[in-house]
Engineer: 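The structure follows.
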Amino acid sequence: MKKCTFQASSDIALVKYWGKKDAENRLPENGSISMVLDGLNSVTTVEFVQNLEADMISIDGSEISQDSREAKRVIAHLDRIRALAGSTLRAKVVSQNNFPRGTGLSSSSSGFAALTLAALGALEIDLPAKEVSILARQASGSACRVVNGGFVEWHEGDSSETSFSETISGAEDWDLRDIIAVVDSGQKTTSSTSGHELAQTSPFFSIRQKNINQKLTQCRKFIQDKDFSALGALAEAEALEFHSIILTSTPPLIFWKPGTVAVMHEVQQLREEGIECYFTLNTGFNVHILTTPENEEIVTERIGKLELVKSTINARSGGSPVELTEHLF
Ligand code: DP6
């Protein structure tokens, strides 16, 4: 059978997906908008093999146990794709991330987008972009965004067929930079998937829901106008609103480490000095700092100098996934 390899990038949500109104179909409580990140990449090779008894999955150099939650999620997704082709063949899947996974840098978005495209390619199934997004969504919500490139909107939808993503503006239209401050090397203890289930338990969730469509309209407009000051301020306020919700869930989710807060303060300090940058973060402790190309160097230097920052990763607005001719096995 054909071997197929895709590289997909992760993204950073500017307006976040939080809560599911239909967990089985992964329909979100609200629409979301993100920037795809060239620099945080997953590469995945898939081959469906005759006479293989079970799917074999290896991520970042280690074989994943069949009983693990991670493997079950991958196998469930392979089953969806096998069903499309009427195939019962088991697959060999090898995936490699160039950034730490499970630390709040959305490795499930890039990982499941690359898996979706590589598995479709390996079974020679050709789907329109909208259907690829719908399929990726069923594995991980954020993966439905990064099957497209640039600045991407995931339409909330009210059914599986109406919940998919589209590009608002291409990566080539607006070159923004994202400096990621890695403040801890451990993995986070609660996954986004479990966190979503708590959304409704925060007393502030209903307030968020009231204002979210207006926020999405503003975000879309700031991207179209390339208004960095407005977009950065919106993204930072959104990250704080999102963390207010998870901090007040039952049970509360406290992801911040001392280094997370130190980075937030440094970003505010940089702005006071006239160096424009804004922070945002997901379910995790590592911080994304959005800035423009002319300030990338100074921001990287200042953030990298902080005692509690272990390393920095530089990313920029990125494109849609690409098929590679070099395979991982
Ligand atoms: C806070 O897409 O990881 O990063 O659909 O369960 O896989 P699942 O969740 P996931 O959730 C991402 C949540 C977020 C915000 C965002 O990326 O929009």
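Counting starts at 1 for both ligands and their atoms, following the listed order. Throughout, residue positions are numbered sequentially from 1 according to the sequence presented.
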Engineer: Ligand 1 versus Ser140, non-hydrogen atoms closer than 4.0 Å: side chain, backbone, both, neither?
Structural biologist: both
Engineer: For Thr193, take its heavy atoms, then give the atoms of ligand 1 lying under 4.0 Å from any of them.
Structural biologist: 6 (O), 7 (O), 8 (P)
Engineer: Does a side chain donor of either Asn97 or Ser42 reach within less than 3.5 Å of an acceptor in the other side chain?
Structural biologist: yes
Engineer: Return the orientation label for the Trp256 and His243 ring planes: parallel under 30°, perpendicular over 60°, tilted otherwise.
Structural biologist: tilted
Engineer: Within the structure, does Tyr17 bring an N/O atom to less than 3.5 angstrom of an N/O atom in ligand 1?
Structural biologist: yes
Engineer: Check whether more than 12 heavy atoms from other residues, nucleotides or ligands sit under 6.0 Å from atom CZ of Arg80, and answer yes or no.
Structural biologist: yes
Engineer: Starting at CG of Leu253, measure out to OG1 of Thr283 and round the result to the nearest 0.5 Å.
Structural biologist: 8.5 Å
Engineer: Does ligand 1 come near enough to Ala139 that some N or O of the ligand is less than 3.5 Å from an N or O of the residue?
Structural biologist: no
Engineer: Suppose I only count heavy atoms of Arg73 and a 4.0 Å limit; which atoms of ligand 1 are within that range?
Structural biologist: 7 (O), 8 (P)
Engineer: Give the numbers and elements of all ligand 1 atoms closer than 4.0 Å to a heavy atom of Arg145.
Structural biologist: 16 (C), 17 (O), 18 (O)
Engineer: Would you mind listing which atoms of ligand 1 come within a distance below 4.0 Å of any non-hydrogen atom of Arg26?
Structural biologist: 5 (O), 6 (O), 7 (O), 8 (P)
Engineer: I'd like to check which ligand 1 atoms, numbered from 1 as shown, lie under 4.0 Å from a non-hydrogen atom of Ser108.
Structural biologist: 3 (O)
Engineer: Flag Ser32 as yes when one of its N or O atoms lies below 3.5 Å from any N or O atom of ligand 1, and as no otherwise.
Structural biologist: no
Engineer: How far is atom 9 (O) of ligand 1 from its nearest protein heavy atom, and which residue and atom name does that atom have?
Structural biologist: His196 NE2, 3.1 Å
Engineer: So that I know where these two stand, are Phe228 and Phe222 an aromatic pair - ring centroids less than 6.0 Å apart?
Structural biologist: no
Engineer: Could you tell me whether the side chain of Thr45 and the main chain of Leu328 form a donor-acceptor pair under 3.5 Å?
Structural biologist: yes
Engineer: Hey, which atoms in ligand 1 end up nearer than 4.0 Å to a heavy atom of Phe242?
Structural biologist: 1 (C)
Engineer: Under 4.0 Å from a heavy atom of Lys16: which atoms of ligand 1 are those, numbered in the order shown and with their elements?
Structural biologist: 15 (C), 18 (O)
Engineer: My understanding is that only one of Pro321, Ser320, Cys4 makes a side-chain contact (heavy atoms from CB on, under 4.5 Å) with Leu117; could you say which?
Structural biologist: Pro321
Engineer: State which residues pass side-chain hydrogen bond (donor to acceptor under 3.5 Å, both in side chains) with Thr300; sequence neighbours excluded, sorted by chain then number.
Structural biologist: Asn314
Engineer: Mark up the atoms of ligand 1 that fall under 4.0 Å of a heavy atom belonging to Lys20, in ascending order.
Structural biologist: 5 (O), 6 (O), 8 (P)
Engineer: When you look for heavy atoms under 4.0 Å from ligand 1, do you find them on the side chain of Ser142, its backbone, both, or neither?
Structural biologist: both
Engineer: Can you check whether Trp174's main-chain N or O pairs, donor with acceptor, with Ser317's side chain at less than 3.5 Å?
Structural biologist: yes
